[in-house]
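Data block below; observations after.
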Amino acid sequence: QVQLVESGGGLVQAGGSLRLSCAASGRTFSNYHMGWFRQAPGKEREFVAAISWSGGSAYYAASVKGRFTISRDGAKNTVYLQMNSLKPEDTANYYCAANLLRGVSSVADQYLYWGQGTQVTVSS
């Protein structure tokens, strides 16, 4: 079992930045590949970014590539999502997720554990 708790969301103006954190507890965090997803009201959950267990590989959705950076700190059992140049269309509830066997995946169903989410609102 892995417990995930997101933080760092909030209200920011367009063009601003936020850094989301996802603190993990439970089973060995370093074994898990981690992902960030988001869901806006009335829309399906969509992939944002993922990082391998080692931190050596990362994968981004086209809509955030070049603006967002995913990273992880094994000593702190935490994965981060640095979000720069935010746009109103980035407004959503952001979730982190963990999977053990599926690698750097963009498919939500392949993730086993999920956090409760943190709200990001970008004003125009």
Side-chain angles (χ1 to χ4, degrees):
Q1 189 82 9
V2 174
Q3 292 79 41
L4 303 172
V5 179
E6 302 96 334
S7 62
L11 174 63
V12 64
Q13 288 188 333
S17 298
L18 282 174
R19 188 177 79 156
L20 305 184
S21 300
C22 173
S25 61
R27 290 184 177 266
T28 306
F29 170 71
S30 59
N31 292 344
Y32 286 82
H33 312 285
M34 301 296 295
W36 284 97
F37 292 78
R38 66 187 182 187
Q39 187 167 20
K43 295 187 177 181
E44 293 189 355
R45 188 170 297 189
E46 67 171 351
F47 169 75
V48 176
I51 190 166
S52 63
W53 68 270
S54 67
S57 297
Y59 178 52
Y60 297 91
S63 59
V64 307
K65 195 170 184 179
R67 299 188 297 123
F68 291 10
T69 303
I70 189 171
S71 62
R72 64 190 299 161
D73 184 336
K76 296 182 178 180
N77 285 356
T78 300
V79 63
Y80 303 98
L81 185 68
Q82 178 66 45
M83 306 186 297
N84 299 329
S85 301
L86 282 161
K87 305 175 181 180
E89 51 263 44
D90 294 318
T91 295
N93 205 5
Y94 283 70
Y95 300 88
C96 71
N99 87 75
L100 186 59
L101 301 174
R102 301 298 185 176
V104 183
S105 174
S106 62
V107 179
D109 288 348
Q110 294 182 346
Y111 286 80
L112 187 58
Y113 301 109
W114 291 82
Q116 294 300 306
T118 185
Q119 178 67 35
V120 172
T121 302
V122 184
S123 63
S124 57

Heavy-atom pair of closest approach, residues [X] and [Y]:
X    : Y    : result
V48  : V64  : O-CG2, 3.5 Å
L4   : M34  : CD2-CE, 3.9 Å
D90  : R67  : OD2-NH1, 2.8 Å
A14  : P88  : CB-CD, 4.1 Å
S105 : Q110 : OG-OE1, 2.5 Å
G9   : T118 : N-OG1, 3.1 Å

Students should find that the hydrophobic cluster of V104, defined by side-chain heavy atoms under 4.5 Å apart, otherwise consists of F37, F47, Y59, Y95, Y111, W114

task: Verify the cluster assignment for V12 and L81: are they in a single hydrophobic cluster under the rule of side-chain heavy atoms below 4.5 Å apart?
output: yes

Discussion item. According to a hydrophobic-cluster definition based on side-chain heavy atoms being under 4.5 Å apart (Ile, Leu, Val, Met, Phe, Trp, Tyr only), do V107 and L101 belong together?
Written reply: no

Among all residues two or more places apart in sequence or in another chain, which pass the side-chain contact (heavy atoms from CB on, under 4.5 Å) test with [X]?
X   : answer
S71 : Y80
V5  : none
A58 : Y60, I70

Can you measure from [atom1] ([X]) to [atom2] ([Y]) and round to the nearest 0.5 angstrom?
X   : Y    : atom1 : atom2 : answer
S52 : R72  : OG    : CZ    : 7.0 Å
R45 : D109 : CZ    : CG    : 10.0 Å
N77 : C22  : CG    : SG    : 10.5 Å

Contacts satisfying side-chain hydrogen bond (donor to acceptor under 3.5 Å, both in side chains) that involve residues 10-21 (not counting sequence neighbours) are S17-N84

Do [X] and [Y] have side chains that get closer than 4.5 Å, going by heavy atoms?
X    : Y   : answer
E6   : L20 : no
V120 : R38 : no
W36  : F68 : no

Taken in chain and number order and not counting sequence neighbours, the residues that satisfy side-chain hydrogen bond (donor to acceptor under 3.5 Å, both in side chains) with Q39 are none

F29 and V2: CA distance, side-chain angles, deciding distance, side-chain contact (heavy atoms from CB on, under 4.5 Å) verdict:
CA-CA 8 Å; F29 170 71; V2 174; 5.8 Å; no

- request: Spell out, as yes or no, whether a donor-acceptor pair under 3.5 Å connects the side chain of T121 to the backbone of T91.
  value: no

